[in-house]
Amino acid sequence: MCIGIPAKVIEISGTSGKVDYQGVKRETSFLMLPDVKVGDYVILHAGFAIKKLSEVDAKETLRLIQEMVRVEKELDG
């Protein structure tokens, strides 16, 4: 299963740059979001920023992902 994850834009150079996903920095293409700015939150999928989202929505989505990971570990352990 593939999912898009929220990440914060920290650097832009042309149509590419970097995002921060909970402390992990990744090279990203912004070809699909030409109006993105440093500080914006985006959904990252397969190395591409595919959608902008609010900081509130990004943080809530990250919280839910962390909760899913916690529950999965409990079920496995």
Side-chain angles (χ1 to χ4, degrees):
M1 177 173 86
C2 297
I3 62 170
I5 56 170
K8 185 175 185 177
V9 177
I10 58 171
E11 183 180 310
I12 298 174
S13 179
T15 58
S16 63
K18 290 184 180 177
V19 295
D20 183 317
Y21 166 70
Q22 296 190 326
V24 177
K25 293 162 181 65
R26 297 279 185 206
E27 292 289 328
T28 304
S29 172
F30 298 114
L31 278 172
M32 299 173 72
L33 298 174
D35 64 334
V36 74
K37 298 176 181 75
V38 171
D40 286 346
Y41 282 84
V42 296
I43 295 291
L44 180 64
H45 181 73
F48 288 86
I50 60 172
K51 181 179 180 176
K52 287 174 59 174
L53 70 164
S54 73
E55 183 175 355
V56 170
D57 289 344
K59 289 183 176 179
E60 176 64 9
T61 302
L62 289 169
R63 187 191 67 75
L64 292 170
I65 290 171
Q66 290 171 344
E67 180 68 14
M68 288 186 330
V69 170
R70 185 190 63 76
V71 169
E72 185 175 345
K73 284 181 181 176
E74 284 180 10
L75 294 173
D76 287 344

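Basis for what follows: all heavy atoms, side chains included, without hydrogens, waters or symmetry-related copies. Along the sequence shown, residues carry numbers from 1.
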Side-chain heavy atoms nearer than 4.5 Å, only ILVMFWY residues, links allowed to pass through others: does that put V38 and I10 together? no
Tell me every residue that passes side-chain hydrogen bond (donor to acceptor under 3.5 Å, both in side chains) with E74, counting only those two or more places apart in sequence or in another chain. R70
Side chains of residues 58-65: which donor-acceptor partners sit under 3.5 Å, not counting sequence neighbours?
from: K59; atom 1: NZ; to: E55; atom 2: OE2; distance (Å): 2.7
from: E60; atom 1: OE1; to: R63; atom 2: NE; distance (Å): 3.1
from: E60; atom 1: OE2; to: R63; atom 2: NH2; distance (Å): 2.8
from: T61; atom 1: OG1; to: D57; atom 2: O; distance (Å): 2.8

State yes or no: do F48 and I43 share one hydrophobic cluster built from I, L, V, M, F, W and Y residues joined by side-chain heavy-atom distances below 4.5 Å, directly or via other members? yes
For T15, enumerate each residue passing the side-chain contact (heavy atoms from CB on, under 4.5 Å) test, keeping only those at least two apart in sequence or located in another chain. L31
Any F30 side-chain heavy atom under 4.5 Å of V19 side chain: yes
Residues in side-chain hydrogen bond (donor to acceptor under 3.5 Å, both in side chains) with K25, at least two apart? D20
Identify the heavy atoms of D35 and K52 that sit nearest to each other, and give their distance. OD2-NZ, 3.9 Å
Is there a path of hydrophobic side-chain contacts, each under 4.5 Å between heavy atoms, that joins L33 and I12? yes
Among Ile, Leu, Val, Met, Phe, Trp and Tyr joined by side-chain contacts under 4.5 Å, find the other residues sharing a cluster with V71 and list them by chain and number. L75
Under the side-chain contact (heavy atoms from CB on, under 4.5 Å) test, residues paired with V24 that sit two or more places apart: R26
Would L44 and Y21 count as a side-chain contact (heavy atoms from CB on, under 4.5 Å) here? Give the steps. CA-CA 9 Å; L44 180 64; Y21 166 70; 5.6 Å; no
CD1 of I5 to NE2 of H45, rounded to nearest 0.5 Å, is 10.5 Å
